[in-house]
Undergrad: 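After the structure tokens below, expect a handful of questions from me.
A note on names: the letters A, B, ... follow the listed sequences, proteins ahead of strands, and every chain is numbered from 1. When reading the values below, keep in mind they use all heavy atoms of this one structure, side chains included, and skip hydrogens, waters and symmetry mates.
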There are 2 protein chains.
Amino acid sequence: MMKPLTAAKIFTLLEPGPVVLVTTRHAGQNNIMAISWTMVMDFTPRFAICTGAWNHSFTALEKTRECVIAIPSADMLDTVVGIGTCSGTDTDKFTRFGLTPAKAQRVQAPLVAQCLANIECKVTEIIAPHGIVVLDGLAAYVNRSKPDQRMLHAIGDGTFVADGERFDRRKAMQSKLPEGV
Amino acid sequence: MMKPLTAAKIFTLLEPGPVVLVTTRHAGQNNIMAISWTMVMDFTPRFAICTGAWNHSFTALEKTRECVIAIPSADMLDTVVGIGTCSGTDTDKFTRFGLTPAKAQRVQAPLVAQCLANIECKVTEIIAPHGIVVLDGLAAYVNRSKPDQRMLHAIGDGTFVADGERFDRRKAMQSKLPEGV
């Protein structure tokens with residue numbers, strides 16, 4: 001069950017550095033890629049992802065200027081690995097990996113019903129020489145009822161780590177937290 | 001005991017999205033800040049961090065064009081929170097938090113002896129309107145003998161998550177791994 005998340009909290013979905021899935025819809029086709037080169041840029045919420053023409057989805061980002069960032073849970077690891085090792089040029093990845101595209105409100109790119117969270121984004125700028133795509137989150141939804149709430153972190157060498165022990169330092173960090181977080 | 005890490009593997013220190021400490025040395029003063037807005041940009045190894053003039057360290061990054069990215073272990077959480085909630089304008093943070101500055105080889109900024117890993121970096125570019133600082137890693141060291149090898153991930157709301165369960169998908173990811181990783 002996906003519930004809306006207030007804009008002030010959207011950056012908290014990406015700040016911990018999870019592996020994400022990025023969906024696009026272009027020329028009547030949904031596509032999805034796995035990416036872990038992402039960065040929070042602001043509390044507004046503004047994000048960067050690093051990609052380039054070697055990814056089939058890059059054309060869709062350039063042409064449609066929108067996407068959805070979906071955050072998979074740890075039990076989706078083999079789906080994430082599968083998505084990251086095949087290409088939208090010859091594969092309908094939603095069908096192949098049994099993912100359910102759900103309708104977004106502000107963009108044509110689909111939400112991924114199975115994920116922990118989805119962020120509808122517009123492409124604000126592509127910083128060309130670096131392949132940095134600047135995104136603004138327009139709306140976000142979280143599914144707090146999924147049994148596995150752990151996010152995944154890619155090491156980059158083919159190994160992955162799931163979220164472990166949690167620590168609450170809200171009190172000590174209070175002076176640094178923006179309104180509404 | 002810090003051991004060198006080959007250049008091809010340096011990006012694997014930042015790809016999982018850990019909270020990092022960034023050290024600088026400017027006008028005879030060491031300084032250190034906590035940051036979790038970072039992104040791998042390339043396998044070369046090239047990174048981005050997002051910061052700005054509101055951080056005391058930003059001037060040092062601009063003037064000296066170098067820094068060290070140090071990765072704290074989970075048992076250093078309260079040091080990280082402390083570093084993130086005071087300023088180098090009025091505090092010698094190495095002294096206050098009992099951190100040991102160690103000599104780097106390629107930059108003047110100090111390594112942090114207590115950390116899991118240290119990356120000596122030069123500032124390659126500052127993408128001004130966005131506060132994106134592009135860094136190239138020159139050398140890196142890892143301490144595999146620290147008992148707590150877990151990295152920390154900031155959620156951004158004052159809570160933190162440590163690394164948990166690990167998964168090996170090297171075989172399935174093989175086609176996507178660059179040489180030497």
Undergrad: Does A:Phe11 have any ring-ring contact (aromatic ring centres under 6.0 Å, His included) partners at least two apart in sequence or in another chain, and if so, which?
TA: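 In terms of ring-ring contact (aromatic ring centres under 6.0 Å, His included), with neighbours along the sequence ignored, A:Phe11 is linked to A:Phe43.
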Undergrad: If the condition is side chain to side chain contact (heavy atoms under 4.5 Å, CB included), which residues does B:Ala48 pass it with, not counting sequence neighbours?
TA: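 Side chain to side chain contact (heavy atoms under 4.5 Å, CB included) list for B:Ala48, sorted by chain: A:Met39, B:Met39, B:Met41, B:Ile132.
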Undergrad: Using distance alone, with no hydrogens and no angle check, list the donor-acceptor pairs under 3.5 Å between chain A and chain B.
TA:
residue, atom, partner, partner atom, Å
A:Glu15, OE1, B:Trp37, NE1, 2.6
A:Glu15, OE2, B:Ser36, OG, 2.8
A:Pro16, O, B:His153, ND1, 3.0
A:Ser36, OG, B:Glu15, OE2, 2.8
A:Trp37, NE1, B:Glu15, OE1, 2.7
A:Asp78, OD1, B:Arg169, NE, 2.6
A:Asp78, OD2, B:Arg169, NH2, 3.3
A:Glu125, OE1, B:His130, NE2, 2.8
A:His130, NE2, B:Glu125, OE1, 2.7
A:Arg150, NH1, B:Glu165, OE1, 2.7
A:His153, ND1, B:Pro16, O, 3.0
A:Gly158, O, B:Arg169, N, 2.7
A:Gly158, O, B:Arg170, N, 3.1
A:Phe160, N, B:Phe167, O, 2.9
A:Phe160, O, B:Phe167, N, 2.8
A:Ala162, N, B:Glu165, O, 2.8
A:Ala162, O, B:Gly164, N, 2.7
A:Gly164, N, B:Ala162, O, 2.7
A:Glu165, O, B:Ala162, N, 2.8
A:Glu165, OE1, B:Arg150, NH1, 2.8
A:Phe167, N, B:Phe160, O, 2.8
A:Phe167, O, B:Phe160, N, 2.9
A:Arg169, N, B:Gly158, O, 2.8
A:Arg169, NE, B:Asp78, OD1, 2.6
A:Arg169, NH2, B:Asp78, OD2, 3.3
A:Arg170, N, B:Gly158, O, 3.1

Undergrad: I'd like to know if B:Val181 and B:Ile10 are part of one continuous hydrophobic network [Ile/Leu/Val/Met/Phe/Trp/Tyr, side-chain heavy atoms within less than 4.5 Å].
TA: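 B:Ile10 clusters together with B:Val181.
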Undergrad: Are B:Val107 and B:Met33 grouped together when hydrophobic residues (ILVMFWY) are joined by side-chain heavy atoms under 4.5 angstrom apart?
TA: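 In one cluster: no.
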Undergrad: Could you have a look at A:Pro16, A:Gly17, A:Cys50 and say which one has the most heavy-atom pairs with chain B under 4.5 angstrom?
TA: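 Among the listed options, the one with the most contacts to chain B is A:Pro16.
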Undergrad: Check the hydrophobic clustering (I, L, V, M, F, W, Y; side-chain heavy atoms under 4.5 Å; chains of links allowed) and say if B:Val161 and B:Met151 are grouped together.
TA: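 As far as the 4.5 Å side-chain criterion goes, B:Met151 and B:Val161 are not connected within one cluster.
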Undergrad: Between A:Gly84, A:Gly156, A:Ala172, A:Gly52, which residue shows the highest count of heavy-atom pairs closer than 4.5 Å to chain B?
TA: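 Option with the greatest count: A:Gly156.
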Undergrad: So which residues get pulled into A:Phe160's cluster when ILVMFWY side chains under 4.5 Å apart are joined, directly or through others?
TA: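 Its cluster mates, by chain and number, are A:Val19, A:Leu21, A:Ile32, A:Met76, A:Leu77, A:Val80, A:Val81, A:Ile83, A:Phe94, A:Phe97, A:Leu99, A:Val112, A:Leu152, B:Phe167, B:Met173, B:Leu177.
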Undergrad: Answer yes if A:Leu111 and A:Ile119 sit in the same cluster of Ile, Leu, Val, Met, Phe, Trp and Tyr residues linked by side chain heavy atoms under 4.5 Å apart, and no otherwise.
TA: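 No, it is not one cluster - the side chains of A:Leu111 and A:Ile119 are not joined through contacts under 4.5 Å.
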